[in-house]
Amino acid sequence: MTLLSHILSLSLSLAAAGEEPDGKKVFLAKKCNVCHSIKSEGIVALQKDSAEMKISDLSGLSTKRKLDWLVRYLEKKEKLEDKLHPPKFRGEEAELNALSKWLMSLKPAS
Ligand code: HEC
(Lines give C-alpha, C1' and ligand atoms only; values in the text may rest on other atoms or scores of the structure.)
Protein backbone atom coordinates (compact mmCIF):
# COMPACT_ATOMS: atom_id res chain seq x y z
CA MET A 1 0.00 0.00 0.00
CA THR A 2 1.37 3.44 -0.86
CA LEU A 3 1.44 6.10 1.78
CA LEU A 4 -1.18 8.12 -0.07
CA SER A 5 -3.68 5.29 -0.29
CA HIS A 6 -3.03 4.53 3.36
CA ILE A 7 -3.86 8.12 4.30
CA LEU A 8 -6.95 8.02 2.09
CA SER A 9 -8.31 4.86 3.62
CA LEU A 10 -7.60 6.20 7.09
CA SER A 11 -9.52 9.42 6.50
CA LEU A 12 -12.37 7.48 4.86
CA SER A 13 -12.74 5.25 7.88
CA LEU A 14 -12.78 8.31 10.17
CA ALA A 15 -15.54 9.89 8.09
CA ALA A 16 -17.48 6.62 8.09
CA ALA A 17 -17.37 6.49 11.87
CA GLY A 18 -19.31 9.79 11.78
CA GLU A 19 -17.17 11.26 14.50
CA GLU A 20 -18.70 14.21 16.26
CA PRO A 21 -16.62 17.38 16.14
CA ASP A 22 -15.04 18.39 19.45
CA GLY A 23 -17.06 21.30 20.86
CA LYS A 24 -14.09 22.94 22.55
CA LYS A 25 -12.08 22.84 19.31
CA VAL A 26 -15.00 24.39 17.44
CA PHE A 27 -15.21 27.15 20.09
CA LEU A 28 -11.55 28.02 19.60
CA ALA A 29 -11.56 27.53 15.81
CA LYS A 30 -14.56 29.87 15.42
CA LYS A 31 -12.81 32.41 17.64
CA CYS A 32 -15.58 32.64 20.22
CA ASN A 33 -12.72 33.23 22.68
CA VAL A 34 -12.02 36.64 21.15
CA CYS A 35 -15.01 37.91 23.13
CA HIS A 36 -15.92 35.20 25.66
CA SER A 37 -13.99 33.82 28.61
CA ILE A 38 -14.83 30.45 30.16
CA LYS A 39 -13.28 30.53 33.63
CA SER A 40 -14.15 26.91 34.42
CA GLU A 41 -12.13 25.85 31.34
CA GLY A 42 -9.26 28.28 31.91
CA ILE A 43 -10.16 30.19 28.73
CA VAL A 44 -9.52 33.95 28.87
CA ALA A 45 -11.08 36.31 26.30
CA LEU A 46 -8.47 37.68 23.89
CA GLN A 47 -10.27 41.02 23.75
CA LYS A 48 -9.12 42.50 27.04
CA ASP A 49 -12.10 44.77 27.72
CA SER A 50 -14.68 42.01 27.17
CA ALA A 51 -15.68 41.99 30.86
CA GLU A 52 -16.23 45.78 30.89
CA MET A 53 -18.25 45.37 27.68
CA LYS A 54 -20.48 42.97 29.67
CA ILE A 55 -19.75 40.03 27.41
CA SER A 56 -20.66 36.93 29.38
CA ASP A 57 -18.24 34.39 30.73
CA LEU A 58 -19.84 31.15 29.53
CA SER A 59 -19.03 29.00 32.58
CA GLY A 60 -22.14 27.20 33.89
CA LEU A 61 -24.23 28.32 30.91
CA SER A 62 -26.77 25.52 31.40
CA THR A 63 -27.86 27.10 34.69
CA LYS A 64 -29.52 29.87 32.66
CA ARG A 65 -30.02 28.60 29.08
CA LYS A 66 -31.48 25.60 27.25
CA LEU A 67 -29.82 23.69 24.40
CA ASP A 68 -32.43 24.37 21.71
CA TRP A 69 -32.51 28.10 22.56
CA LEU A 70 -28.72 28.25 22.36
CA VAL A 71 -28.57 26.66 18.89
CA ARG A 72 -31.13 29.15 17.56
CA TYR A 73 -29.44 32.09 19.29
CA LEU A 74 -26.08 31.26 17.67
CA GLU A 75 -27.88 31.11 14.30
CA LYS A 76 -29.38 34.57 15.04
CA LYS A 77 -32.93 33.20 15.07
CA GLU A 78 -33.46 34.07 18.72
CA LYS A 79 -32.78 37.23 20.74
CA LEU A 80 -31.32 37.88 24.16
CA GLU A 81 -32.64 41.03 25.83
CA ASP A 82 -34.01 42.10 22.46
CA LYS A 83 -30.68 41.72 20.69
CA LEU A 84 -29.38 39.20 18.21
CA HIS A 85 -25.97 37.63 18.90
CA PRO A 86 -23.30 39.77 17.19
CA PRO A 87 -21.70 37.16 14.91
CA LYS A 88 -23.85 34.52 13.20
CA PHE A 89 -22.41 31.03 13.52
CA ARG A 90 -20.81 29.94 10.25
CA GLY A 91 -19.94 26.31 9.80
CA GLU A 92 -21.38 22.82 9.60
CA GLU A 93 -24.56 21.90 11.44
CA ALA A 94 -22.62 19.10 13.18
CA GLU A 95 -20.14 21.71 14.46
CA LEU A 96 -22.91 23.95 15.78
CA ASN A 97 -24.54 21.01 17.55
CA ALA A 98 -21.27 19.80 19.09
CA LEU A 99 -20.36 23.35 20.15
CA SER A 100 -23.78 23.92 21.75
CA LYS A 101 -23.71 20.60 23.61
CA TRP A 102 -20.23 21.34 24.90
CA LEU A 103 -21.32 24.82 26.08
CA MET A 104 -24.24 23.26 27.96
CA SER A 105 -21.84 20.89 29.71
CA LEU A 106 -19.64 23.67 31.15
CA LYS A 107 -19.27 23.71 34.90
CA PRO A 108 -19.94 26.94 36.82
CA ALA A 109 -16.83 28.95 37.71
CA SER A 110 -15.80 28.06 41.25
C1 HEC B 1 -17.51 40.02 18.65
C2 HEC B 1 -17.68 39.48 19.96
C3 HEC B 1 -18.34 38.10 20.09
C4 HEC B 1 -17.95 36.92 19.52
C5 HEC B 1 -16.80 36.66 18.56
C6 HEC B 1 -18.85 35.92 20.02
N7 HEC B 1 -19.74 36.48 20.89
FE8 HEC B 1 -21.13 35.49 21.97
N9 HEC B 1 -21.85 37.27 22.69
C10 HEC B 1 -21.32 38.51 22.41
C11 HEC B 1 -22.15 39.54 23.00
C12 HEC B 1 -21.91 41.05 22.93
C13 HEC B 1 -23.20 38.87 23.65
C14 HEC B 1 -24.37 39.51 24.41
C15 HEC B 1 -23.98 39.93 25.78
C16 HEC B 1 -23.78 38.72 26.64
O17 HEC B 1 -24.77 38.20 27.19
O18 HEC B 1 -22.65 38.23 26.73
C19 HEC B 1 -22.96 37.44 23.48
C20 HEC B 1 -23.73 36.44 24.02
C21 HEC B 1 -23.46 35.09 23.93
C22 HEC B 1 -24.15 34.04 24.63
C23 HEC B 1 -25.30 34.24 25.62
C24 HEC B 1 -24.75 34.33 27.00
C25 HEC B 1 -25.85 34.29 28.02
O26 HEC B 1 -25.78 35.01 28.99
O27 HEC B 1 -26.78 33.51 27.85
C28 HEC B 1 -23.60 32.85 24.24
C29 HEC B 1 -24.01 31.48 24.70
C30 HEC B 1 -22.56 33.16 23.30
N31 HEC B 1 -22.49 34.53 23.14
C32 HEC B 1 -21.79 32.21 22.67
C33 HEC B 1 -20.85 32.50 21.67
C34 HEC B 1 -20.21 31.50 20.85
C35 HEC B 1 -20.42 30.00 20.97
C36 HEC B 1 -19.38 32.15 19.99
C37 HEC B 1 -18.56 31.58 18.87
C38 HEC B 1 -19.29 30.84 17.84
C39 HEC B 1 -19.52 33.57 20.29
N40 HEC B 1 -20.43 33.74 21.30
C41 HEC B 1 -18.79 34.58 19.66
C42 HEC B 1 -20.18 38.75 21.68
C43 HEC B 1 -19.48 37.82 20.94
Side-chain angles (χ1 to χ4, degrees):
M1 204 191 253
T2 66
L3 181 61
L4 183 63
S5 67
H6 189 71
I7 292 172
L8 277 176
S9 67
L10 201 75
S11 57
L12 279 179
S13 59
L14 275 179
E19 280 202 14
E20 233 189 39
D22 178 329
K24 183 173 185 172
K25 283 192 188 146
V26 176
F27 185 85
L28 298 172
K30 301 293 175 188
K31 307 203 161 48
C32 310
N33 62 320
V34 170
C35 297
H36 294 282
S37 298
I38 308 180
K39 284 200 185 107
S40 60
E41 291 282 325
I43 293 175
V44 178
L46 300 177
Q47 183 174 284
K48 300 216 165 32
D49 51 356
S50 89
E52 293 89 87
M53 290 170 71
K54 307 236 183 316
I55 300 181
S56 304
D57 183 291
L58 301 178
S59 310
L61 190 67
S62 67
T63 60
K64 49 181 185 178
R65 310 292 172 219
K66 296 259 179 289
L67 180 63
D68 54 343
W69 177 89
L70 177 61
V71 171
R72 291 199 304 274
Y73 179 64
L74 294 176
E75 292 176 312
K76 299 185 89 145
K77 290 178 182 164
E78 195 82 58
K79 290 180 180 176
L80 179 63
E81 288 169 6
D82 245 21
K83 291 199 188 96
L84 292 169
H85 188 237
K88 181 175 190 289
F89 180 86
R90 302 204 181 273
E92 310 269 321
E93 199 183 323
E95 290 175 325
L96 176 58
N97 288 333
L99 170 64
S100 303
K101 273 196 225 158
W102 178 72
L103 289 170
M104 294 310 283
S105 77
L106 296 174
K107 295 187 181 63
S110 49

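The residues of the chain are indexed from 1 along the displayed sequence. Because only heavy atoms are used, hydrogens play no part in the values below, and waters and symmetry mates are left out as well, while side chains stay in.
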Colleague: Is K76 reaching over with its side chain to a backbone N or O of P86, donor-acceptor style, under 3.5 angstrom?
Modeller: yes

Colleague: First locate atom CG of D22, then atom CD of E95, and finally report the distance between them rounded to the nearest 0.5 Å.
Modeller: 11.0 Å

Colleague: F89, I55: one ILVMFWY side-chain cluster at the under-4.5 Å cut-off?
Modeller: no

Colleague: In terms of the angle between their ring planes, are H36 and H85 parallel, tilted or perpendicular, with boundaries placed at 30° and 60°?
Modeller: parallel

Colleague: At what distance, to the nearest 0.5 angstrom, does CG of L28 lie from CD of E41?
Modeller: 9.5 Å

Colleague: Please round to the nearest 0.5 Å and tell me the distance separating atom CG of L106 and atom NZ of K39.
Modeller: 13.5 Å

Colleague: Are the side chains of L103 and R65 in touch, meaning some heavy atoms are under 4.5 Å apart?
Modeller: no

Colleague: Quick check: is V44 connected to L58 through a chain of hydrophobic side chains (ILVMFWY, heavy atoms under 4.5 Å apart)?
Modeller: no

Colleague: Out of curiosity, Q47 CD to N33 CG, how far, rounded to the nearest 0.5 Å?
Modeller: 11.0 Å

Colleague: Given the rule that I, L, V, M, F, W and Y join up when any side-chain heavy atoms are under 4.5 Å apart, are L67 and I38 in one cluster?
Modeller: yes

Colleague: Give a yes or no on whether V34 and F27 share a hydrophobic cluster (residues Ile, Leu, Val, Met, Phe, Trp, Tyr; joining criterion: side-chain heavy atoms under 4.5 Å apart).
Modeller: no

Colleague: Where is the tightest heavy-atom contact between V26 and P21, given as atom of each residue plus distance?
Modeller: CG2-CB, 4.1 Å

Colleague: Okay, side chain of S59, backbone of S40: is any donor-acceptor separation there less than 3.5 Å?
Modeller: yes

Colleague: Give a yes or no on this: more than 12 heavy atoms of other residues, nucleotides or ligands lie within 6.0 Å of atom CD of E52.
Modeller: yes

Colleague: Starting from L84, can I reach L74 by hopping between I/L/V/M/F/W/Y residues whose side chains sit under 4.5 Å apart?
Modeller: no

Colleague: Taking all non-hydrogen atoms of both residues, which atom of E78 and which atom of W69 are closest, and how far apart?
Modeller: CG-NE1, 3.0 Å

Colleague: Nearest 0.5 angstrom please: K30 NZ to L99 CG, how far?
Modeller: 9.5 Å

Colleague: Look up atom NZ in K31 and atom CG in L46, then write down how far apart they are to the nearest 0.5 Å.
Modeller: 9.5 Å

Colleague: Where the side chain of S62 meets the backbone of S105, is there a donor-acceptor pair that is under 3.5 Å apart?
Modeller: no

